[in-house]
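This structure is a prediction, so every number in the text was calculated from the model and none was measured.
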Amino acid sequence: MTNKTNHSILPVDFYEQPTLELAKSLLGCLLVKKTADGTASGFIVETEAYMGPLDRAAHSFGNRRTKRTEVMYGMSGLIYTYVMHTHTLVNVVSGGIDNPEAVLIRAVEPYSGLELMQERRGIADIRKWTDGPGKLTKALGITMEDYGQSFTAPPLYLAAGKQPEHISSGPRIGIDNTGEAKDYPWRFWVTGSPYISRTIKKRMMPSPSK
DNA sequence: CCCGCGATTTGCT
DNA sequence: GCAAATCGCGGGC
C-alpha cells in the first residue's frame, strides 16, 4: 500500500527549458493518469520534439492557429491531446506563450496500475501495452477530455521518476515531408529500453543488387 | 521478423 | 474530399 518512492509532481518551471532539452528531460519522468477506474502510470522512455512555425512536421507550422492547435500557443506544461485515426496522442506544450512548440510522448514503461492497463489493452505481453503513442494513451486512459489541462495537477500529471542511464537520438518516426528538418535527430529514447515504439533500424544496410 | 494495407476522426483546401 | 505525429492483422520468408 505504501508508495516507497517519492514521485512529486513536477513544477511549472520544469517546462520552461528549450524544447529539445525538455524532450530529453522528460525521459524517465513518470506519467500518471487518475480515472474512476483507478490510477495507472509509466516512466517515459521515448519522446519527439516538434519545433513550431519552422518545423514542417508540426501542426503549428507557419503559425497555423486553429481550435486544435490553440493550446500550443499557451504556456508550457499544458496538455495537447490530438486524435489520429482511432487513436489519441498526447503532447507536452513547450516553448512558452505564443511560441507553439511541443513534445510528443511516444512510449512509456508501465509502472503502476498494471492490471488496469492490461485490461484496457486486452493483451498479455506487457511490452506491447505502451510501446507507441496511441497505445500508451489507451493503456493509461488518456482522452480528449485532457486537452488544455495542465501536467502540473491531476487527473493527468507528470512526476519525478528515475534518471535514464543513457539517451539515444535519431530522426522522427512517421514524418514523410520534404522539409529540411526531416532528418534532424529530434526523437529521443532511453537507450536499451524494451518499451520504445520501434527498434533502431539499421540505416547503413547495403542496398540489394538491382 | 518484416512488409503492406485498411480503419476512422479531425480539420483544412 | 483528402491526408494524417498510428495500430493491428495477415502473408511471406
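Applying the 5.5 angstrom centroid cut-off and the 30 degree plane-angle cut-off, the aromatic ring of A:Tyr50 is stacked upon the base of C:dA5.
B:dT13 atom P lies 12 Å from atom CZ of A:Phe61, rounded to whole Å. Counting to the nearest Å, the P atom of C:dA4 and the CZ atom of A:Arg64 are 11 Å from each other. Rounded to whole Å, atom C1' of C:dA5 lies 12 Å from atom CD of A:Glu46. Rounded to whole angstrom, the span from the CZ atom of A:Phe188 across to the P atom of C:dA5 amounts to 18 Å. At whole-Å resolution of the value, CZ in A:Arg172 and P in C:dA4 are 14 Å apart. We find that NE2 of A:His59 is positioned 14 Å from P of B:dT10, with the value rounded to whole Å. At whole-Å resolution of the value, CG in A:Asn91 and C1' in C:dA4 are 14 Å apart.
Rounding to the nearest 0.5 Å places OG of A:Ser112 at 13.5 Å from NZ of A:Lys33.
Salt-bridge annotation for A:Glu48 and A:Arg106: present, with a side-chain N of the basic residue lying under 4.0 Å from a carboxylate O of the acidic one. Between A:Glu109 and A:Arg127, no side-chain nitrogen of the basic residue sits less than 4.0 Å from a carboxylate oxygen of the acidic one, so the salt-bridge criterion is not met.
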When you check every protein heavy atom under 4.0 Å of nucleotides 6-11 of chain C, what one-letter string (B, S, -) results, 5' to 3'? BSS---

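A:Ser168 and A:Thr191 share a side-chain donor-acceptor pair at under 3.5 Å. Judged by distance alone, the side chains of A:Ser94 and A:Glu101 never bring a donor and an acceptor atom under 3.5 Å apart.
Between A:Tyr157 and A:Phe151, the distance separating the two ring centers is not shorter than 6.0 angstrom. Taking the ring centroids of A:Tyr50 and A:His59, they lie at or beyond the 6.0 Å cut-off.
In the displayed structure, A:Glu70 atom CD is contacted under 6.0 Å by more than 12 heavy atoms of other residues, nucleotides or ligands.
Both tests hold for A:Arg65 against A:Tyr73: distance to the six-membered ring centre under 6.0 Å, angle to the ring axis within 45°.
Base pairing in DNA chain C gives the following stems of 3 or more Watson-Crick or G-U pairs, range against range and under 3.5 Å: B:1-7 with C:6-12, B:9-12 with C:1-4.
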